[in-house]
Q: 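So that we are looking at the same thing, I have put the structure below in structure tokens.
Just so we're on the same page: letters track the sequence lines, and every chain starts at 1.
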2 protein chains.
Amino acid sequence: MPSLDSVLACLDLNIDRSVARLMELLRIPSISTDPAYAGHCRSAAEWLAKDLSAIGFEAAVRPTPGHPMVVAHDGPEGAPHVLFYGHYDVQPVVPLELWEDDPFDPKLKEMPDGTKRLTGRGTADDKGQLMTFIEAARAYKAETGGLPCRVTVLLEGEEESGSPSLNPFLDANKGELKADIALVCDTNMWDGETPAISTGLRGLVGEEVTIHAANQDLHSGYFGGAAANPIRVLSKILAALHDDNGRVTLPGFYDGVQELPEEVKKIWDGLGFDPAAFLGSVGLSVPAGEKDRAVLEQLWSRPTAEINGIFGGYTGEGFKTVIPAEAFAKVSFRLVAGQDPDKIRAAFRAFVEERLPADCTASFSPHGGSPAIQLPFDSPYLDTARAALSTEWEKPAVMIAMGGSIPVVGEFKSRLGMESLLIGFGLGDDRIHSPNEKYELKSFHKGQRSWARVLDAIGRMR
Amino acid sequence: MPSLDSVLACLDLNIDRSVARLMELLRIPSISTDPAYAGHCRSAAEWLAKDLSAIGFEAAVRPTPGHPMVVAHDGPEGAPHVLFYGHYDVQPVVPLELWEDDPFDPKLKEMPDGTKRLTGRGTADDKGQLMTFIEAARAYKAETGGLPCRVTVLLEGEEESGSPSLNPFLDANKGELKADIALVCDTNMWDGETPAISTGLRGLVGEEVTIHAANQDLHSGYFGGAAANPIRVLSKILAALHDDNGRVTLPGFYDGVQELPEEVKKIWDGLGFDPAAFLGSVGLSVPAGEKDRAVLEQLWSRPTAEINGIFGGYTGEGFKTVIPAEAFAKVSFRLVAGQDPDKIRAAFRAFVEERLPADCTASFSPHGGSPAIQLPFDSPYLDTARAALSTEWEKPAVMIAMGGSIPVVGEFKSRLGMESLLIGFGLGDDRIHSPNEKYELKSFHKGQRSWARVLDAIGRMR
């Protein structure tokens, strides 16, 4: 495979230029969840379409009711067809004061151990990851004049904000987007040396719930004792979401949840996962999930209820003896195979309503809702990709599950009848969604090489 | 009493000018809890010292480690000596968007029923109230050339932020401030027609508690299920503060709390208090306190635990699937006679610590701490003031209790050995501490006349 060798050499030779390109993209603050950044989201989409066009893709920014999609096509007709998916939007950057540098002024930093990393919002999630694929395609084209298989690229701008425009877009462009297999680059390696393909992904249901009590903020001196306090009502409800064993108490929550198959359990046991080290890495020591489950199960194969945000009353400097008119929380549920997002949402709403005092009301605002997915273990693409990854990293690629949800994977399956290969080069300490997000230069570089190998191998499957 | 008559006539004649003076003071945004407003607090103190000097008081702005005090003296030596107390600082004004007008651009508005009211932050709490006394003193001096008794004025600038400088100031100036009786104008009438003297006041203990979990914000996809969520920990703790009957569950919380004497219960029963109307006025219907207590007891004679603020995680637009590193709440306890603020604070801290998972910690920040007070019913000043108020309002003044705390009253008693007469002209719908605070012009005007009568009557007690 001399052509692959030259592609890999080209990637090695051009690593500095690929870093510079990524940094350009990282400087665009494409925060999708905040409407104030809509213009920047559009700029990121335009930057990507331009870059893909420069490589030779037929690329376009495609409008949606929200942030646009980028769609691009290239490669020989008749060859195996892959759909590459990534997202160009990023998470918000609060609390800003915890960042060592401006989150949108990316840096390439050398660590004391000599390794290098890219820092800034989106380095790992997902701009750095998606650019590994684009760089692989660029080098392939540059060295061989074409791509080894048919490639469609789909880059979303709403992944971090519930993907409201995704489903209509998939439905409206089914014929154009349907491929033999989807390649999704938004996941982690097992560790810094071990490549991984994620074959299971938890789903997600998000709900914002607001408890309304009095029709105005009250002074606790005048009303305290007699007036309903919505923070107290909300706390009671949230506290009731878990029992003392860490189990979620929503009626019907575990309906349809399957026990882990023995063979999978065996693979996971063999991973050498160290719960103490995992929790210790973030300053924790006590597993917070169901007490009778191993930590890897708590993370990968068991559903959860999580409070992601809460607010009510006076939270500024000093003190204000107020009983607020309302209080809200953002709650999310990680789902596993067998759970229906709609049923979970309805169960949560009923759970809240049942616990309201007669003079309080609740309002709800949904955020996303996707079932968990489980990929078949006998897919020929899975074998092909595992082999390619194992060659690049000189270590067998492992099949793992993911605690996070990537809703698009479920939608590819249900709407386009297409399975997904989840191959990513992030690491557990990349601080995605947190201040000081980073992406290892090794991830970026060997990620590019990995994609070159995977594309090359899939091209040979015809 | 021709001199009193002319003083009252003078107050009637000058009501427009007194409103204009009050508005000047209201325009100074003297928010004490926010350090950014320290300069404005100082300006308010200077304005008051200047105004008192103009009347003829020997007045000065007196420094403290925080916002300054205003102290002024006037009136004949040897006459009965009163210490008038008020505070020139005001509550914060968030949420600003709920105000009909700029909170610091006061207005005099005519209502559809022909009554007039002053609107803006501080109109009722406490600038409008304290100016009733100053206007009475001004008219007395103008009409008679002097005051009927010795008057010391003490105006504080930290009442809304826990009064950190009050106690050292009282201790350092004991000889100067100790009088025969304190007159405090920071309370309400019973209703718009019925003057009231508050003989019982609940105390207050405030605590800000922060729960610390992981050493960084975490992504709930990667860590959800296994990592401690400080919002969940906090919610569990806050939810446990009350049992299902509305009783506070802190161990020892009710130690020393006395049952209401039968005679007081009788007075309160005779007030014609309507719990449904009281709660209905703010859109509520279900008393939230101890189930076996009347609402007036819940408000006046029973201690409470209240959550005044809560914050954690992502609370902006959209959603962020974060498990935050920490979450905090501002909690306050209203105390009644017999409860020790220090013991309650310690009990709360122990309550929190006992409920922490092993890998979480809590930090605490105290805010204020004052015991409840109960004034003796046989004070001659109480009789004198009741008679004066009853004459002005042509309706017997009632003795009531207050749900709110006025820490200074307890300190006057313990540090200066001085009882306080709590006479105020606020109304329950004045929206103090809330958007659109107001003060009835009738309160402002008849409040001035009331003080003229009270001063005159106390002057005759020699």
Side-chain angles (χ1 to χ4, degrees), chain A residues 33-34 91-92 161-162 206 214-222 224-229 231-232 235-236 238-239 282-289 295 298-299 302 304 306-315 317-323 330 332 334 357-359 367 403-404 432-434, chain B residues 33-34 91-92 161-162 206 214-222 224-229 231-232 235-236 238-239 282-289 295 298-299 302 304 306-315 317-323 330 332 334 357-359 367 403-404 432-434:
Chain A
T33 200
D34 186 339
Q91 279 275 318
S161 55
N215 58 19
Q216 61 189 268
D217 284 359
L218 304 176
H219 181 209
S220 78
Y222 289 99
N229 183 327
I231 308 177
R232 175 174 154 198
S235 295
K236 282 240 176 211
L238 297 177
V282 294
L284 295 175
S285 63
V286 185
V295 170
Q298 292 179 4
L299 293 168
R302 298 296 296 176
T304 68
E306 209 67 75
I307 312 161
N308 303 115
I310 193 165
F311 180 83
Y314 183 71
T315 58
E317 282 270 333
F319 221 82
K320 188 173 167 183
T321 50
V322 65
I323 299 176
K330 294 175 192 263
S332 65
R334 295 279 168 190
D359 54 359
H367 287 272
I432 71 167
H433 292 211
S434 290
Chain B
T33 201
D34 187 338
Q91 280 276 317
S161 56
N215 58 19
Q216 60 189 269
D217 283 359
L218 304 175
H219 182 207
S220 78
Y222 289 99
N229 183 327
I231 308 178
R232 175 174 153 197
S235 296
K236 282 240 178 212
L238 297 177
V282 295
L284 295 173
S285 63
V286 185
V295 170
Q298 293 180 3
L299 293 168
R302 298 297 296 177
T304 68
E306 208 69 74
I307 312 160
N308 303 115
I310 193 166
F311 179 84
Y314 183 70
T315 57
E317 281 271 331
F319 221 83
K320 186 173 168 184
T321 50
V322 66
I323 300 177
K330 293 175 193 262
S332 65
R334 296 280 167 187
D359 54 359
H367 287 272
I432 71 168
H433 294 209
S434 291

Q: Under a 4.5 Å heavy-atom cutoff, which of Gly289(A), Ala228(A), Pro287(A), Ala214(A) has the most pairs with chain B?
A: Ala214(A)
Q: Do you know which of Ser434(A), Gly313(A), Ser161(A), Ala288(A) has the most heavy-atom pairs under 4.5 Å to chain B?
A: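 Result: the option with the highest number of such pairs is Ala288(A).
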Q: In Å, rounded to the nearest 0.5 Å, how long is the span from CD1 of Ile307(B) to OG of Ser220(A)?
A: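 Separation between the atoms: 12.0 Å.
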Q: Examine distances only and state if a side-chain atom of Asn308(A) and a backbone atom of Phe319(B) form a donor-acceptor pair shorter than 3.5 Å.
A: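 No: the side chain of Asn308(A) does not pair with the backbone of Phe319(B).
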Q: Checking the side chain of Asn229(B) only, and the main-chain atoms of Glu306(A) only, is there a donor and an acceptor separated by less than 3.5 Å?
A: no
Q: Looking only at heavy atoms, which two atoms of Ala226(A) and Val295(B) are closest? And how far apart?
A: CB-CG1, 3.8 Å
Q: Most heavy-atom pairs under 4.5 angstrom with chain A, which of Ala358(B), Gly224(B), Ser332(B)?
A: Gly224(B)
Q: When only pairs under 4.5 Å are counted, which of Asn215(B), Ile323(B), Asp217(B) shares the most heavy-atom pairs with chain A?
A: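 If we count pairs closer than 4.5 Å to chain A, Asn215(B) comes out on top.
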Q: Find the distance between CG (Asp34(A)) and NZ (Lys320(B)) and round it off to the nearest 0.5 Å.
A: 12.0 Å
Q: Rounded to the nearest 0.5 Å, what separates atom CD1 in Ile310(A) from atom CD1 in Ile310(B)?
A: 3.5 Å
Q: Using a 4.5 angstrom heavy-atom cutoff, name the option from Gln298(B), Lys236(B), His219(B) with the most pairs to chain A.
A: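 Option with the top pair count is His219(B).
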Q: As an exercise, state the distance from OG1 of Thr315(B) to NZ of Lys330(A), rounded to the nearest 0.5 Å.
A: 7.0 Å
Q: Measuring from Leu218(A):CG to Ile432(B):CD1, what's the distance to the nearest 0.5 Å?
A: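 Here the rounded value is 11.0 Å.
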Q: Thr304(A): which residues meet the side-chain hydrogen bond (donor to acceptor under 3.5 Å, both in side chains) condition with it, sequence neighbours left out?
A: none
Q: Please look at Arg302(B) and chain A and tell me whether the side chain, the backbone, both or neither of the residue comes under 4.5 angstrom of a heavy atom of that chain.
A: neither
Q: Between chain B and each of Ser235(A), Gly162(A), Gly283(A), Ala227(A), count heavy-atom pairs under 4.5 Å; write down the option with the most.
A: Ser235(A)
Q: Count the heavy-atom pairs under 4.5 Å between each of Leu299(B), Thr33(B), Leu284(B) and chain A, then report the option with the highest count.
A: Leu284(B)
Q: For the residue pair Thr321(A) and His433(B), establish whether any side-chain heavy-atom pair is separated by less than 4.5 Å.
A: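 Thr321(A) vs His433(B): side chains touch.
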